[in-house]
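Okay, so here's the structure we're looking at.
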Amino acid sequence: MTPRQPVVLTPDEIAAVRSWVLHEDPHILLLNKPAGLSSQGGRIQAHTLDDLLWAFMRSNGKRPELVHRLDRDTSGVILAAKTKPAAGSLGKALQMRRFQKTYLALIAAAPEPASGRITAPLRREEIGRESYMRVVAFDAPGAQGSESVYRTLAASDDGAVVELEPHTGRMHQLRVHMAHIGRPLVGDVRYGGALTFAGRAAPRLMLHARSLTFPHPEGGQLTVEAPEPEDFAALRAAAGL
C-alpha cells in the first residue's frame with residue numbers, strides 16, 4: 001500500500017528528484033530515473049522513487065502515483081499520474097498494451113540476425129529471497145506468453161548497442177530474452193552478462209529506457225524521451241558506438 005503519511009525528504013533529495021523531470025502538466029509527471037534507485041519497495045532501507053514523489057505533494061496532501069516500474073539498475077523514462085482520473089486512464093491504457101516503450105542496451109557482440117522478434121514464454125521462479133524469470137516451454141505450468149523486438153543500431157569489434165521494445169510486460173523480460181538468444185546485456189550479473197565492455201568495467205546493468213509513447217489522459221498521444229546517462233554514453237563511446 002502507498003504510505004498515506006508524507007515521507008520527510010531532505011532539500012537535496014527534493015532538488016534531485018525535481019531535476020529529473022522530463023515533462024509535467026496538471027495530469028502527469030515523467031521523470032528520468034537514475035540507475036541504482038528502486039522504483040518501489042525493496043529490502044534496501046533507502047528512499048525509493050515512490051517515496052521521492054512526495055516532493056510533488058499537492059495542497060490536498062496527495063502526491064503522484066507511479067503507473068509502471070523500472071528495475072533498480074535500469075535508467076530512463078518513468079511515468080506517474082498526478083490525479084486519480086489520470087491514474088485510471090493510464091492504468092487501462094497499460095492493460096490494453098497502448099504503451100510503446102523503447103530501450104537501449106549494450107551487448108558484448110552484435111546479435112545474428114541484426115534484428116528480430118523473440119517470443120520465448122517466461123515463468124517466474126523464486127530462488128531463496130530472489131525472483132528470477134526463466135524461459136520455459138509454451139505448455140509449461142505457469143508459462144507467460146512474452147514478446148520482445150530487437151534492432152541493432154551500431155556494432156563494432158567491442159560490442160553493439162541495440163534498441164529493444166517489449167510488447168508484453170513481464171518482469172526482467174528484455175534481459176531474459178536477450179540472454180536466451182545468447183546476447184545477455186552488459187553488466188547483467190543475474191542473467192550472465194559481461195562485466196566489462198570495451199576494456200572498461202561495466203558499472204551496472206547497461207539498460208536505459210529511452211522513450212515512452214502513450215495516450216495522454218486528456219487525449220492524443222504523447223512521446224517523452226530520456227537522454228542517455230553519462231555511464232551509458234561513456235561505455236558506448238569507448239566501444240566506438
Handout entry: Audit row: His172, Tyr191, ring-ring contact (aromatic ring centres under 6.0 Å, His included) steps and yes/no
Key = CA-CA 10 Å; His172 299 171; Tyr191 298 110; 5.5 Å; yes
Exercise for the section: Take Arg210 and Glu225, measure what salt bridge (Lys or Arg N to Asp or Glu O under 4.0 Å) needs, and give me the verdict at the end. Expected result: CA-CA 6 Å; Arg210 181 173 68 173; Glu225 295 194 358; 5.6 Å; no
Practice task
Decide yes or no on side-chain hydrogen bond (donor to acceptor under 3.5 Å, both in side chains) for His216 and Gln221, but give the supporting numbers first.
Solution key: CA-CA 6 Å; His216 192 282; Gln221 291 276 109; over 6 Å; no
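With a 4.5 Å cut-off on side-chain heavy atoms, Val135 and Leu122 count as touching.
Looking at Gln173 and Thr168, their side chains do bring a donor and an acceptor atom within 3.5 Å of each other. In the model, Arg69 has a side-chain atom that pairs as donor or acceptor with a side-chain atom of Gln40 under 3.5 Å.
Between Arg190 and Glu130, at least one side-chain nitrogen of the basic residue sits less than 4.0 Å from a carboxylate oxygen of the acidic one, meeting the salt-bridge criterion. Using a 4.0 Å cut-off between a side-chain N of Lys or Arg and a carboxylate O of Asp or Glu, Arg175 and Asp188 qualify as a salt bridge.
Taking Ile, Leu, Val, Met, Phe, Trp and Tyr as members and joining any whose side-chain heavy atoms lie under 4.5 Å apart, directly or through other members, the hydrophobic cluster of Phe232 also contains Leu104, Leu106, Leu153, Val161, Val186, Phe197, Met206, Leu235, Leu241.
Side-chain N or O atoms of Thr83 include one that pairs as donor or acceptor with a backbone N or O of Ala86 at under 3.5 Å. A donor-acceptor pair under 3.5 Å links the side-chain atoms of Asp25 to the main chain of His27, judged by distance alone.
Between Tyr103 and His208, a ring centre-to-centre spacing not shorter than 6.0 Å is recorded.
The 12-atom threshold is exceeded at CD of Glu126, counting heavy atoms of other residues, nucleotides or ligands nearer than 6.0 Å.
Under the side-chain contact (heavy atoms from CB on, under 4.5 Å) criterion, Ala93 pairs with Arg98, Phe99, Pro215, sequence neighbours left out.
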